[in-house]
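Computed from a predicted model, the values in this text were never measured in an experiment. These numbers come from the heavy atoms of this one structure, side chains and all, not from hydrogens, waters or symmetry mates. One-based numbering along the sequence shown.
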Amino acid sequence: MNIFVLIASFLAGALSGMGLGGGGILLIFLTAFSSVDQLTAQGINLIFFLPTGLLAIIIYAIKKQIEWKIVFKMWLFGSVGALGGYFIAKAIETQYLSKIFAAFLIIFGLITLFTKDKSKKAE
């Protein structure tokens, strides 16, 4: 196994556990450095998320940092969204899907970079 695969997997898992978007790193690694097509990389990312997400849920549940009253609604609508996203992604050619994903990352990265956090008080 390639050392870069181990490093990318570790970083993606660590960031996923912290809720920081480790899936983005995994998708970029798989498509840019491992020659995996975008739709396959998305499937691998979803499977990869199951154990890392489960471990994060256990840790946050022990710390009582989960509001269980809203979990079911989020799970239900998130599942419907994931299923719909799968069918949309399957209908788009791989070359365009990769470009759409790249544009998505750039746009949301810029929004995050230039949007002021309103939860912080002005000092």
Side-chain angles (χ1 to χ4, degrees):
M1 182 175 284
N2 188 330
I3 187 71
F4 295 113
V5 172
L6 295 174
I7 292 169
S9 299
F10 175 80
L11 289 174
L15 290 173
S16 291
M18 293 186 288
L20 298 174
I25 288 178
L26 185 62
L27 283 172
I28 291 168
F29 174 77
L30 289 171
T31 56
F33 301 108
S34 296
S35 302
V36 175
D37 69 271
Q38 183 73 28
L39 192 59
T40 302
Q42 287 176 214
I44 291 169
N45 183 48
L46 288 174
I47 292 169
F48 177 84
F49 180 75
L50 293 175
T52 58
L54 180 61
L55 288 172
I57 288 170
I58 291 168
I59 291 167
Y60 286 107
I62 289 170
K63 292 181 174 185
K64 299 184 188 308
Q65 294 179 332
I66 296 178
E67 294 185 34
W68 292 105
K69 292 180 182 180
I70 62 171
V71 168
F72 178 74
K73 288 179 187 177
M74 293 177 69
W75 171 81
L76 179 65
F77 287 102
S79 297
V80 171
L83 189 61
Y86 165 76
F87 287 116
I88 292 169
K90 192 168 170 81
I92 299 172
E93 291 184 39
T94 301
Q95 64 183 5
Y96 298 120
L97 190 60
S98 296
K99 290 177 176 145
I100 291 168
F101 179 70
F104 176 81
L105 285 178
I106 291 167
I107 290 168
F108 280 96
L110 290 171
I111 289 170
T112 302
L113 187 62
F114 294 112
T115 301
K116 190 173 187 176
D117 188 358
K118 296 177 183 173
S119 66
K120 293 182 181 178
K121 294 181 181 179
E123 295 181 30

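- Rounding to the nearest 0.5 angstrom, the gap separating the CZ atom in Phe29 from the CD1 atom in Ile25 is 11.5 Å.
- The ring-ring contact (aromatic ring centres under 6.0 Å, His included) search around Phe4 returns none, not counting sequence neighbours.
- Residues satisfying the side chain to side chain contact (heavy atoms under 4.5 Å, CB included) criterion with Lys64, sequence neighbours excluded, are absent altogether.
- With sequence neighbours left out, Tyr86 forms a ring-ring contact (aromatic ring centres under 6.0 Å, His included) with no residue at all.
- Hydrophobic cluster of Leu76: the remaining members, joined at side-chain heavy-atom separations below 4.5 Å, are Phe72, Trp75, listed by chain and number.
- Of all heavy-atom pairs between Ala89 and Leu39, the closest is CB-CD1, 3.8 Å.
- Leu105 belongs to a hydrophobic cluster with Leu27, Ile28, Phe101, counting contacts under 4.5 Å between side-chain heavy atoms of Ile, Leu, Val, Met, Phe, Trp and Tyr, direct or through other members.
- Under the 4.5 Å side-chain heavy-atom criterion for grouping Ile, Leu, Val, Met, Phe, Trp and Tyr, Ile88 is not connected to Leu46 through any hydrophobic cluster.
- Residues Ile3 and Val36 are members of one and the same hydrophobic cluster, defined by side-chain heavy-atom contacts under 4.5 angstrom among Ile, Leu, Val, Met, Phe, Trp and Tyr.
- Taken from CG in Leu30 to CZ in Phe48, the straight-line distance is 9.5 Å, to the nearest 0.5 Å.
- Summarising the hydrophobic clusters (Ile, Leu, Val, Met, Phe, Trp, Tyr; side-chain heavy atoms under 4.5 Å, direct or chained), the residues clustered with Leu55 are none.
- At a threshold of 4.5 Å between side-chain heavy atoms, the hydrophobic network of Ile, Leu, Val, Met, Phe, Trp and Tyr places Leu54 and Ile44 in two separate groups.
- Partners of Ile107 according to the side chain to side chain contact (heavy atoms under 4.5 Å, CB included) rule, which considers only residues two or more places apart in sequence or in another chain, are Ile111.
- The side chain to side chain contact (heavy atoms under 4.5 Å, CB included) search around Ile106 returns Leu110, not counting sequence neighbours.
- Both Leu6 and Phe33 belong to a common hydrophobic cluster when Ile, Leu, Val, Met, Phe, Trp and Tyr are linked at side-chain heavy-atom distances under 4.5 angstrom.
- When hydrophobic residues (I, L, V, M, F, W, Y) are linked wherever their side-chain heavy atoms come within less than 4.5 Å, the members clustered with Met74 are Ile70.
- In this structure Gln65 satisfies the side chain to side chain contact (heavy atoms under 4.5 Å, CB included) test together with Tyr60, Lys63, sequence neighbours excluded.
- Identified under the side chain to side chain donor-acceptor pair (under 3.5 Å) test for residues 38-47, with sequence neighbours left out: Asp37-Thr40, Gln38-Gln42, Gln38-Ser98.
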